[in-house]
Amino acid sequence: MLRKKKLLLNTFSSLLFQITTIICGFILPHLILHNFGSNVNGLVNSITQFLQIIAFLELGVGAVVQSSLYKPLVDTDNTKISQIITSAGKFFKRIAQVLLIYIILLMAFFPFIVVKEFSWIYTATLIFAMSISSFAQYYFGIVDRLLLTADQRGYIQYTAQMLTLIVNTVACAVLISLGSGIHFVKLSTSLIYLVRPVFLRYYVNKKYSIDRKASYSVEPIKQKWNGVAQHVAAVVLDSTDAIVLTLFSTLANVSVYSIYYLVVSGVKQLFSSTINGVQALLGELWAEDDRAGLRKLFSQVEWGIHTGTVLIWGCTSILIVPFVKVFTNGISDTNYIVPTFAILISLANAMYCLRMPYNIMILAAGHYKQTQNNYIIATFLNIVISIVTVKFLGLIGVAVGTLVAMLYQTIWMANYSSKHLLEWSYHTLFKQFFVDIITAIIGYILTSTFQLVTPSGYLSWFLLAIKVAVIWIIVVVCINTIFYRDKIVSVKNRILKK
């Protein structure tokens with residue numbers, strides 16, 4: 001009962017945080033775009049992506065730390081927990097030192113990439129203002145976050161993130177309305193975000209008996225370096241497109257990409273938030289060697305994620321262009337209406353979501369070393385295809401690179417999880433993907449004309465979204481009633497029971 005309560009609490013708080021993130025995520029870029037222009041918006045997003053490469057330095061150790069904590073948390077082994085926290089703390093402090101050097105190098109050389117649009121001092125100081133919170137996170141914030149997530153107390157960090165996000169959005173909106181420059185706005189963001197790791201450290205110290213200087217003779221974090229490939233792939237997925245566009249295209253294209261990415265990233269994070277508590281639960285079942293319970297839960301999770309992915313991303317692929325038309329209304333310095341790119345970027349992120357249940361299972365089981373080649377190949381495909389095609393296809397080229405990489409990885413992960421972790425037949429897997437494809441094709445045929453609509457405002461777009469959503473829901477329910485009647489009936493009974 002407690003396990004279910006934590007899962008619901010984590011899911012609800014994560015969902016609420018992601019909704020807040022999406023709302024705030026639309027407010028600030030809209031203000032920046034309208035007050036500072038497409039080039040400044042492109043510059044801010046380009047710097048953001050380069051700073052996200054900082055996460056590359058983590059080398060996947062964060063995911064391995066979280067997996068390593070499942071067993072000692074189940075056993076209430078405070079000594080082992082302390083050793084893992086101590087080892088992780090030492091690692092991330094070294095990362096923070098490397099991060100400092102990276103930021104200095106970025107300030108020195110990145111401005112020359114965009115020297116035509118902005119001066120060196122303008123770009124360098126903006127990088128400094130935006131990097132402060134990243135440094136604080138890796139210096140003493142990330143270990144506490146990993147512990148809370150592993151212990152199914154993610155709701156603590158989600159709440160802290162949500163509050164700081166709201167405060168930051170209000171503060172930045174006020175500063176922009178008062179005529180403050182982009183540097184002061186971004187510096188304020190960094191200073192506000194410093195509060196979050198301080199709070200998490202206070203909470204963890206109060207709730208857990210942890211010796212942060214615990215001694216150990218044997219490395220407590222097994223497979224410490226085997227999460228590298230998985231982590232690199234995740235960073236590449238989120239950062240490659242904007243970086244490739246920065247290096248081989250224009251800041252205007254980066255700005256266009258950022259607006260579409262704003263939408264797909266928000267949808268992706270919102271979708272992910274509904275399953276954030278599942279990995280820790282699967283990890284606990286794996287640690288307890290409860291294979292029957294594991295298969296039962298995973299079967300529900302897999303169907304839920306696949307069905308939700310087709311529904312959510314089907315609607316997104318149709319509604320994203322009409323939304324961008326409304327969002328960029330009045331902006332004439334760059335063409336933001338690129339329908340083909342919208343379809344491809346939606347499909348690429350749909351593939352990302354389809355791979356979630358299998359990726360979660362791999363992480364929960366701690367199979368880092370066994371799966372690292374898959375991540376390396378996916379990363380290679382993404383980078384090479386994006387660079388080769390961006391010169392000829394621009395935005396569409398980087399979307400193609402991401403789509404191919406995600407398609408490969410989804411198929412590979414699904415096969416690995418079914419064969420090595422869950423040990424069930426391929427018929428189950430093929431049936432699920434067949435239903436996805438049929439549903440997507442029918443849904444798209446019935447709603448494709450809505451892409452051409454130009455809403456008069458956000459209310460008009462919202463009404464359009466309701467029409468599209470209703471059609472897709474009907475299609476999803478009808479197709480799944482034919483192939484997964486038991487699951488549809490189960491969902492219906494749960495809703496009626498509630």
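Atoms considered below: every heavy atom in the structure, side chains included; atoms not considered: hydrogens, waters and symmetry mates.
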Hey, can you tell me if Y158 and F17 have their rings parallel, tilted or perpendicular (30° and 60° cut-offs)?
parallel
Do W313 and T309 meet the criterion of a side-chain donor-acceptor pair at a distance under 3.5 Å?
no
Short side-chain donor-acceptor distance under 3.5 Å, E302 and Y358
yes
Apply side-chain contact (heavy atoms from CB on, under 4.5 Å) to Q409 and L381, showing your working.
CA-CA 10 Å; Q409 200 167 57; L381 288 172; over 6 Å; no
Indicate yes or no: at least one non-hydrogen side-chain atom of P197 is less than 4.5 angstrom from one of D144.
no
Which atoms form the tightest heavy-atom contact between I385 and G401, and what is the distance?
CG2-CA, 3.5 Å
Could you check whether Y375 and N359, counting side-chain N and O atoms only, form a donor-acceptor pair closer than 3.5 Å?
yes
Of I479, I473, I474, the one forming a side-chain contact (heavy atoms from CB on, under 4.5 Å) with V477 is I473
Atom CD1 of I156 and atom OG1 of T149: how far apart are they, to the nearest 0.5 Å?
11.0 Å
Mind checking whether F199 and Y203 have parallel, tilted or perpendicular rings, split at 30° and 60°?
tilted
Take M413 and L354 through the test side-chain contact (heavy atoms from CB on, under 4.5 Å) and record every step on the way to the result.
CA-CA 10 Å; M413 285 184 175; L354 286 178; over 6 Å; no
Kindly assign one of parallel, tilted or perpendicular to the pair W461 and F323, based on the angle between their ring planes and the thresholds 30° and 60°.
perpendicular
Do you know which two heavy atoms are closest between R196 and T164, and how far apart they sit?
NH1-OG1, 3.5 Å
side-chain contact (heavy atoms from CB on, under 4.5 Å) evaluation trace for F450 with I471:
CA-CA 11 Å; F450 289 110; I471 295 172; 3.8 Å; yes
D151 vs L69 side-chain heavy atoms within contact, under 4.5 Å
no
Interatomic spacing from CD1 in I47 to CG in L43 - rounded to 0.5 Å:
4.0 Å
Determine whether more than 12 heavy atoms belonging to other residues, nucleotides or ligands lie under 6.0 Å from atom CZ of F462.
no
Are the side chains of H306 and F433 in contact, using a 4.5 Å heavy-atom criterion?
yes
Distance check, rounded to the nearest 0.5 Å: Q161 atom CD versus S13 atom OG?
10.0 Å
Shortest non-hydrogen contact from V338 to N335?
CG2-O, 4.4 Å
Can you find a heavy atom in the side chain of I318 that is under 4.5 Å from one in the side chain of W472?
yes
Report yes if some heavy atom in the side chain of I312 is under 4.5 Å from a heavy atom in the side chain of V267; otherwise report no.
yes
Answer yes or no: is there a donor N or O on one side and an acceptor on the other, between the side chain of N35 and the main chain of L31, under 3.5 Å?
yes
First locate atom OG of S418, then atom NE2 of H427, and finally report the distance between them rounded to the nearest 0.5 Å.
13.0 Å
Would you say the side chain of M130 lies within less than 4.5 Å of the side chain of V44, judging by non-hydrogen atoms?
yes
Taking everything shown except K419 itself, do over 12 heavy atoms lie less than 6.0 Å from its NZ?
no
Determine, using ring centers only, whether F341 and Y260 are less than 6.0 Å apart.
yes
Step through the shown structure and confirm whether more than 12 heavy atoms of other residues, nucleotides or ligands are within 6.0 Å of CZ on F380.
no
Closest non-hydrogen atoms of N415 and L429, given as atom of the first, atom of the second and distance, are N-CD2, 4.2 Å
From CA spacing to verdict: side-chain contact (heavy atoms from CB on, under 4.5 Å), Y444, I343
CA-CA 11 Å; Y444 184 79; I343 294 294; 3.9 Å; yes
Could you check if a side-chain atom of N374 sits within less than 4.5 angstrom of a side-chain atom of Y416, using non-hydrogen atoms only?
no
OG (S258) and CG (L33) are apart, to the nearest 0.5 Å, by 7.5 Å
With a 4.5 Å limit on heavy-atom distance, are the side chains of F483 and F434 in contact?
yes
Cation-pi, Y261 ring and K268 (6.0 angstrom, 45 degrees)
no
Which value, rounded to the nearest 0.5 Å, describes the distance between I166 atom CD1 and C24 atom SG?
6.0 Å
Checking K487 side chain against G304 main chain: does a donor-acceptor pair fall under 3.5 Å?
no
Looking only at heavy atoms, the pair that brings F271 and G308 closest together is CE1-C, 3.5 Å
Judged by atom type as modelled, is there a donor-acceptor pair below 3.5 Å linking the side chain of S317 to the main-chain atoms of G314?
yes
Do you know which two heavy atoms are closest between T402 and A348, and how far apart they sit?
CG2-CB, 3.9 Å
